[in-house]
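Take a look at the structure set out below.
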Amino acid sequence: MAKQALIVVDIQNDYFPQGKWPLVGADAAADNAARLIQAFRDAGDAVVHIRHEFTSEEAPFFTPGSDGAKLHPKVLNRADEPVVLKHFVNSFRETTLKSILDEKGIEELVVVGSMSHMCVDGITRAANDLGYSVKVIHDACASRDLEFDGVTVPAAHVHAAFMAALAFAYASVISTDEFLAA
């Protein structure tokens, strides 16, 4: 069996109800991510946390050094779990993520986090392009309503569209329960 790692993408305070950029379903997604983190820890498998900070104080959320940019308490890392700081949508861009995975001999990634339509999408596509086998746990990810050309797209539709696109060519997309039962 190939070595796997759980990648916990941007589950940070600003995405929760009291934050600057709240997502629909952030709490439920974080609860499922916490279940997966515990399962990976229990199995002795790697858990890598990703934390996004923008480089500008004028950013709409995840401003440098803010409480909103901190990992949410539901998914805090342990001392032996790396936290990769990133400044771009793609978690591999200008970070240590690939070297951490290579050092551990990781071949399969299990991705959870936020936002479904941005950073989860970005890491999944990049990981696939880099040759990793990828699973996205859809109910451990969250999104938000989007607007385009005067049309509001509900978060559930945004999330579903991105999960469908990833499932088409980039990843296996399954639920927390399906993953834990396998």
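Numbers here are sequence positions counted from 1.
Taken together through direct or relayed side-chain contacts under 4.5 Å among Ile, Leu, Val, Met, Phe, Trp and Tyr, L109 and V8 form parts of separate hydrophobic clusters. Linking ILVMFWY side-chain heavy atoms closer than 4.5 Å, directly or via other members, places I37 and V120 in two distinct hydrophobic clusters. V158 and M163 sit in two unconnected hydrophobic clusters of ILVMFWY residues. Membership requires side-chain heavy atoms under 4.5 Å apart, directly or through other members. Under a hydrophobic-cluster definition in which Ile, Leu, Val, Met, Phe, Trp and Tyr are linked whenever side-chain heavy atoms come within less than 4.5 Å, directly or via other members, F92 and V134 are assigned to the same cluster. I100 and V111 fall within a single hydrophobic cluster, where Ile, Leu, Val, Met, Phe, Trp and Tyr are joined by side-chain heavy atoms under 4.5 Å apart, directly or via other members.
Using a 4.5 Å cut-off on side-chain heavy atoms (C-beta onward), D121 and M115 make no contact. When side chains are defined from C-beta on, I123 counts as touching L97, because their heavy atoms get closer than 4.5 Å. For the pair L101 and I7, the minimum side-chain heavy-atom distance is below 4.5 Å. Side-chain atoms of V110 and I137, non-hydrogen and from C-beta on, do get closer than 4.5 Å to each other.
For V24, the side chain to side chain contact (heavy atoms under 4.5 Å, CB included) partners two or more places apart in sequence, or in a different chain, are D145, A155.
Taking all atoms of both residues into account, the shortest heavy-atom contact from G113 to I11 is CA-CG1, 3.7 Å. A171 and T124 make their closest contact through CB-CG2, 3.7 Å (heavy atoms, listed as atom of the first residue, atom of the second, distance). Scanning both residues, P22 and P17, for their nearest heavy atoms gives CB-CA, 4.2 Å. The minimum heavy-atom distance linking A34 with V75 is given by the pair N-CG1, 4.3 Å. The two atoms that bring F54 and H87 nearest to each other are C-ND1, 4.5 Å, heavy atoms only. Residues G122 and V89 share a closest heavy-atom pair of CA-CG1, 4.3 Å.
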Subject >> Test log, rule side-chain contact (heavy atoms from CB on, under 4.5 Å), inputs I50 and C119 >> reply: CA-CA 10 Å; I50 309 294; C119 297; over 6 Å; no

Assess the residue pair T95 and L85 against the criterion (side-chain contact (heavy atoms from CB on, under 4.5 Å)); give the C-alpha distance rounded to whole Å, side-chain angles, the decisive distance to 0.1 Å, and a yes or no. CA-CA 7 Å; T95 71; L85 177 64; over 6 Å; no

Are E81 and H49 close enough, and set up right, to give a side-chain hydrogen bond (donor to acceptor under 3.5 Å, both in side chains), and what steps lead you there? CA-CA 7 Å; E81 295 169 348; H49 301 260; 3.0 Å; yes

field: Candidate pair D27 and K74, rule side-chain contact (heavy atoms from CB on, under 4.5 Å), full reasoning
entry: CA-CA 9 Å; D27 278 304; K74 290 183 180 189; 3.1 Å; yes

Could you go through V112 and N32, starting from their C-alpha distance and side-chain angles, then the distance that decides it, and tell me whether this counts as side-chain contact (heavy atoms from CB on, under 4.5 Å)? CA-CA 9 Å; V112 302; N32 283 328; over 6 Å; no

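Residue H52 holds its NE2 atom at 8.5 Å from CE of M118, rounded to the nearest 0.5 Å. Rounded to the nearest 0.5 Å, atoms OH (Y132) and CD (E107) are 9.5 Å apart. Atom CZ of R35 sits about 5.5 Å away from atom CG of L180, to the nearest 0.5 Å. Note that the OG atom of S114 and the NE2 atom of H117 stand 10.0 Å from one another [nearest 0.5 Å]. Remark: D139 CG to D177 CG distance equals 7.0 Å, nearest 0.5 Å.
Atom CD of E103 has 12 or fewer heavy atoms from other residues, nucleotides or ligands within 6.0 Å.
Put simply, the side chain of S66 gets close to the backbone of A69: a donor and an acceptor are under 3.5 Å apart. Between the N77 side chain and the V83 main chain, no donor and acceptor come within less than 3.5 Å of each other.
For the pair D45 and K104, the salt-bridge criterion is not met [side-chain N within less than 4.0 Å of a carboxylate O].
A side-chain hydrogen bond (donor to acceptor under 3.5 Å, both in side chains) check over residues 9-20, counting only residues at least two apart or in different chains, returns the pairs D10-K86. Here ring-ring contact (aromatic ring centres under 6.0 Å, His included) pairs that include residues 153-182, with residues two or more places apart or in two chains, are F40-F179.
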